[in-house]
Structure formats: structure tokens, C-alpha cells
Number of protein chains: 2
Amino acid sequence: MDSPDVELPENVELPESIALAWGLRNRPSRGPKRSLSLTQLVAAGIRVAQAEGLPAVSMSRVASELGVATMSLYRYVPTKQDLLDLMIDTAFGPPAPPRAPGEGWRPALTRWAEANLAALRREPWIRHVPLSGPPINPNQVRWLEYGLAALRGTGLRGAERISTVMLVSGYTRSWANTTADLAEAAARTGQTPDEVGQHYWQHLARLTASGPYPAIHELLTEADDEEEDYYDAEWRFGLGRVLDGVETLIQARAAAQP
Amino acid sequence: MDSPDVELPENVELPESIALAWGLRNRPSRGPKRSLSLTQLVAAGIRVAQAEGLPAVSMSRVASELGVATMSLYRYVPTKQDLLDLMIDTAFGPPAPPRAPGEGWRPALTRWAEANLAALRREPWIRHVPLSGPPINPNQVRWLEYGLAALRGTGLRGAERISTVMLVSGYTRSWANTTADLAEAAARTGQTPDEVGQHYWQHLARLTASGPYPAIHELLTEADDEEEDYYDAEWRFGLGRVLDGVETLIQARAAAQP
DNA sequence: GTAATCTGCGTATGACATACGCTGTAATGC
DNA sequence: GCATTACAGCGTATGTCATACGCAGATTAC
């Protein structure tokens with residue numbers, strides 16, 4: 001195994017939030033036994049988020065879900081943001097199966113992206129949580145591992161591989177957010193997502209009617225083909241652009257060394 | 001001009017937030033004269049955000065900046081979110097000059113993305129504001145126009161053009177957010193951004209030391225070339241992947257019709 | 001057995017967005 | 001010109017929220 005060759009700081013001090021997420025925080029050895037576990041807190045937070053959306057996830061609401069007093073939660077997590085981070089990591093769950101032997105990098109990375117999208121769609125509240133930084137919690141790291149594994153042997157350098165994974169991940173998140181916002185606006189106004197989209201175009205048409213917006217006007221006059229799977233097509237378009245761009249580089253690398 | 005051919009609903013009811021942003025809300029004709037303008041409110045909000053970050057932008061803080069009472073602000077904007085939306089649109093400013101005659105789509109879109117990135121870097125507080133939906137406010141629409149204009153004549157369909165613009169925009173925003181978070185973490189902990197990044201890798205190495213993470217281990221063992229412009233290279237890598245992917249499609253389109 | 005540490009929780013604090021209503025100002029209609 | 005209408009500014013108030021603090025009791029270590 002390579003890791004002994006890594007300049008591995010066994011004594012690296014982990015920030016409390018990370019130690020908490022990985023179960024590395026010191027367990028208390030004195031005092032009364034805890035009535036709850038961190039897992040229960042996280043599960044309760046997720047239940048509230050799923051049922052009532054992220055704005056409902058207050059410390060008091062989660063405590064109520066568990067039948068304890070609000071301030072008890074602070075015995076388990078230092079801040080609410082820590083709880084949210086744990087909720088996200090748990091809600092994401094473990095990643096889809098990694099790239100199989102004989103499976104190309106592109107199908108593997110596509111599967112990875114689609115599983116990522118599925119998780120985000122399953123838990124639309126995730127998009128409202130402020131991001132805490134690069135992937136570091138247990139499931140995040142597992143997802144990162146499998147994303148990187150899809151790119152092994154492609155000739156991409158390490159920095160390029162992680163940039164690629166972050167690029168795909170960023171696109172997936174962006175797309176999931178946009179469609180979730182659309183669905184939420186529809187639910188809030190009693191419309192369908194298509195109707196919400198149509199209203200956007202109508203507003204845009206009205207606002208740009210009298211100004212110098214030739215490219216937008218051209219866009220608005222083009223046939224709006226109402227294909228059934230417009231959203232699926234758009235998802236595939238964007239992912240395809242990203243993966244085509246990666247493929248271009250991989251092929252250029254392969255051609256540069258015969 | 002094409003717009004008369006658009007099924008243009010002149011009587012489309014604009015939501016109040018949009019009407020406000022475009023100066024289309026009815027002006028009051030009775031009552032005392034206003035002591036402030038909406039522009040002044042927005043400018044005050046931006047000043048506070050720039051000086052103290054987004055968490056400081058409360059209605060009372062902005063009112064204090066203007067020397068008025070908190071509740072006065074609600075005579076000008078219905079909600080705080082409306083003020084934040086206006087602040088973003090104003091802070092973004094007008095877009096960079098559009099694609100010039102003879103300028104290719106790729107250099108034009110690259111310039112567009114880089115101007116977009118510059119705006120986001122100039123105003124790092126923007127990333128913390130919850131997004132309100134697709135581009136609809138005045139400057140947003142101008143940016144959209146110029147992004148679309150860069151892609152005219154490429155053979156991409158309308159839906160593909162706007163998807164491309166959103167793809168580039170999403171990547172730019174994602175990248176700007178990541179680097180801004182890094183810079184902020186550095187400032188908060190008295191480190192350099194490189195030091196913050198190193199700590200992340202150290203944490204990752206520690207946490208994955210004893211688990212099945214071969215792809216991450218491989219990544220950690222690769223030469224970490226400390227090139228001066230690592231961040232610039234990473235930005236260019238990601239944008240290049242996206243634009244290569246777009247270029248692949250444009251060339252395939254051109255080849256499909258001789 | 002004593003000291004130390006922890007759990008659960010009640011009380012409290014400061015901050016925040018915004019509802020409500022009062023007084024005074026300015027425009028409109030008759 | 002006056003009454004009515006609508007608005008501006010702002011003081012007061014409300015409910016919600018994250019979290020600090022401290023108390024009493026439970027549990028462990030020495």
C-alpha cells in the first residue's frame with residue numbers, strides 16, 4: 001500500500017467538526033449516560049428537513065422531534081452548522097458502485113454523476129445549506145474516491161483528475177439546484193414546472209421587448225420544441241459538453257504519447 | 001425587429017420584485033416626498049456587505065448606514081430578499097463589451113466568463129446570497145444577452161445556446177465560490193490560501209490512511225508541482241474542458257451540413 | 001468517599017425580519 | 001379652499017432563533 005510513502009502526519013490535529021463527523025472525538029468517560037446518539041440527532045434533523053424543508057430545521061424543532069430540550073443538542077454538536085454538515089453527509093449516503101473492470105471512464109463517471117444527481121433530487125433541502133468547504137466528511141470522501149477511481153488510467157494528472165471530478169460535481173449540483181428551484185416555485189404557486197418556465201420566458205419577452213437584445217429575441221423566436229424529456233435532454237446536454245471536453249483532453253494525451 | 005413576431009404579452013403581469021428591479025412599479029403620487037431613493041438603499045447595502053460581509057447586512061444595519069429608522073426601508077422594498085436581489089444586480093454591473101465583429105465565439109465566451117469571474121471576485125459576499133431564480137433583473141439580462149450573442153452563428157439551437165451560457169456561468173460561479181471560501185478561511189485563520197489547502201490534504205491523508213481509498217492515495221502521492229499560477233491553471237483547465245466540449249459539438253454540427 | 005466530569009434542561013440574552021398603528025405631509029377631487 | 005385619500009417616517013411590539021450560562025443530579029476515576 002502506498003500510504004506509508006505519503007508524508008502522513010499521524011499527529012495532524014483534526015478540527016473538531018471533522019473529528020466529530022468521523023467519530024474520532026473523545027468519548028466521555030464520566031457523567032451520566034447519554035440518552036441519545038449523534039446518529040439519532042442527524043436522523044431527526046433529516047426527517048424534519050424532508051417533511052418541512054430546511055427553514056424548519058431549527059435546534060428547537062429538531063429537539064422537539066427527539067422529545068428533548070433544545071439545549072441538550074449542544075451536548076452532541078458544537079453548532080447548528082455542524083449538525084447540518086452531518087445531515088448532508090448522511091443524506092448523501094454511500095456512493096454508487098465504483099467503476100467496474102472493463103468499464104470505461106466515461107460510463108463510470110456518467111453513472112457517478114447520475115447517482116449524485118439522484119441523491120440531490122431525493123433531498124432537495126440540501127441545496128439550501130451553506131457549503132462548509134471541500135469534501136472531507138466520510139461519505140463525501142467516499143464519493144470523491146469513486147469519482148477519482150473512474151478517471152484512473154486516463155492519462156490525466158492528479159490535479160486534473162480532481163479538477164474533473166469537481167467540475168462534474170459542480171455541474172450536477174448546479175443543475176439539480178435549478179430544477180429543484182423550478183419544482184418548488186411550481187408547488188408554491190400551484191403551477192406545473194412548465195408553466196413556471198413559460199412565465200419566465202414571458203417576463204423576459206416583456207422586459208426585453210423595447211431594448212437592444214437581439215440574441216435574446218432570436219432565442220425567443222426559435223421553435224420551442226416541446227419534447228417530452230426536455231429536462232433529461234438538458235441534463236444530458238450539459239453533462240455531454242463537460243465529458244466531451246474531458247474526452248478531448250484525454251485523447252490529446254493519448255495521441256501525444258504513441 | 002423580431003419582437004412583434006414573438007407572442008408578446010404586453011399585459012403580462014410582472015411580479016412585484018421584477019417590476020421593482022426594472023423601475024416599473026407605480027410611482028406614488030400622493031404623500032410626502034421620499035427622502036431616499038431605491039438606488040441609495042441598494043448602494044448602502046452594498047457598502048455594508050463590502051465592508052463587513054453579508055452577515056452584517058441586516059435591515060437595521062443598512063438603515064443605520066442611511067441615517068434612517070429600520071422600518072423606513074420597507075417603504076422602498078417589500079422584503080429583505082428583494083433588497084439583496086437588487087444589490088446583486090447592481091454589484092454585478094453591466095457586462096463586458098460584447099463579441100466584436102470577426103471575434104470567434106470561443107474568445108468572446110472566454111472574455112465573458114472572465115468578466116463574470118472578475119465581478120464575483122470583486123464582490124465575494126454575493127456567493128452567500130440565496131439565489132432567487134433564473135436571470136431576470138436588468139444587469140442579469142444584459143449579461144445573458146451578451147453570453148448568447150457570443151454563440152450566435154455557431155449552429156447551436158436556441159436551447160443549446162442558453163444551456164451553454166448557463167453551463168459556463170455555473171462553472172464560473174462554482175469556481176469563484178471555491179476560491180473565495182479558501183481565501184476567507186485563510187483570512188480567518190491567519191494562514192495563506194496555500195496553507196489552508198495543505199491542511200485539507202493533510203486531513204484527507206490522515207482520514208484515508210487506513211481505508212480502501214486507492215484513488216485518493218494515488219492522488220496524494222503524485223508530485224505536487226508548486227506552480228506559481230496553480231489557481232489560474234485550474235481555472236483555465238475547467239473552462240477549457242467546458243469550451244472544448246462545446247467546440248466538439250459545434251464542429252460536429254458543421255461537419256454534418258457541408 | 002471525594003473530586004471531577006458529564007447530562008439534561010431551565011432561564012436568559014441579543015439579534016433579526018417584519019406587523020401594526022400613529023402623526024404629519026402632500027396630492028387629488030369636488 | 002377644504003375634505004379625503006394616500007403616502008413617508010418611525011416608534012413599538014412580536015415571535016423566532018442560536019446560543020451562553022448555571023443548576024441539580026448522575027456517573028466515573030482515583
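We name chains A, B, ... by the order of the sequence lines, and we start the count at 1 in each one.
Using a 3.5 Å distance cut-off with no hydrogens or angles, the side chains of Tyr74(B) and Asp82(B) do not pair a donor with an acceptor. Between the side chains of Tyr231(A) and Asp194(A), at least one donor N or O sits under 3.5 Å from an acceptor N or O. At a cut-off of 3.5 Å, with distance as the only test, a side-chain donor of Asp85(A) or Gln81(A) sits close to an acceptor on the other residue.
When rounded to the nearest whole Å, the span between NZ of Lys33(B) and C1' of dG9(D) equals 16 Å. Atom pair Gln40(A):CD and dT7(C):P shows a separation of 14 Å (rounding to whole Å applied). Between the CZ atom of Arg34(A) and the P atom of dC9(C) there is a distance of 14 Å, rounded to whole Å. For the pair Leu41(A) CG and dA18(D) C1', the interatomic distance rounds to 15 Å; values are reported in whole Å.
Legend: salt bridge (charged side-chain N to carboxylate O under 4.0 Å, His left out) pairs involving residues 42-56 of chain A, not counting sequence neighbours, sorted by first then second residue: Arg47(A)-Glu65(A), Glu52(A)-Arg61(A).
Every residue two or more places apart in sequence or in another chain that forms a side chain to side chain contact (heavy atoms under 4.5 Å, CB included) with His199(A) is listed here: Gln191(A), Gln202(A), His203(A).
No donor-acceptor pair under 3.5 Å is formed between the side chain of His217(A) and the backbone N or O of Pro212(A).
Against DNA chain D, the stretch residues 22-30 of chain B makes heavy-atom approaches under 4.0 Å through Pro28(B), Arg30(B). Using a 4.0 Å cut-off on heavy atoms, none of the residues of residues 125-133 of chain B approach DNA chain C.
In the helix from dG1(C)-dC30(D) to dC30(C)-dG1(D), the rotation axis of the first five pairs and that of the last five pairs differ in direction by 10°, rounded to 10 degrees.
Taking the six-membered ring for Trp and thresholds of 30 and 60 degrees, Trp143(B) and Trp112(B) have ring planes more than 60 degrees apart, a perpendicular arrangement.
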What does the B/S/- profile of nucleotides 12-22 of chain C look like, 5' to 3', with a 4.0 Å heavy-atom cutoff to protein? ----SSBBBB-
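Here the side chain of Pro32(A) is nearest to one of dC10(D), dC6(C), dG8(C), namely dC6(C).
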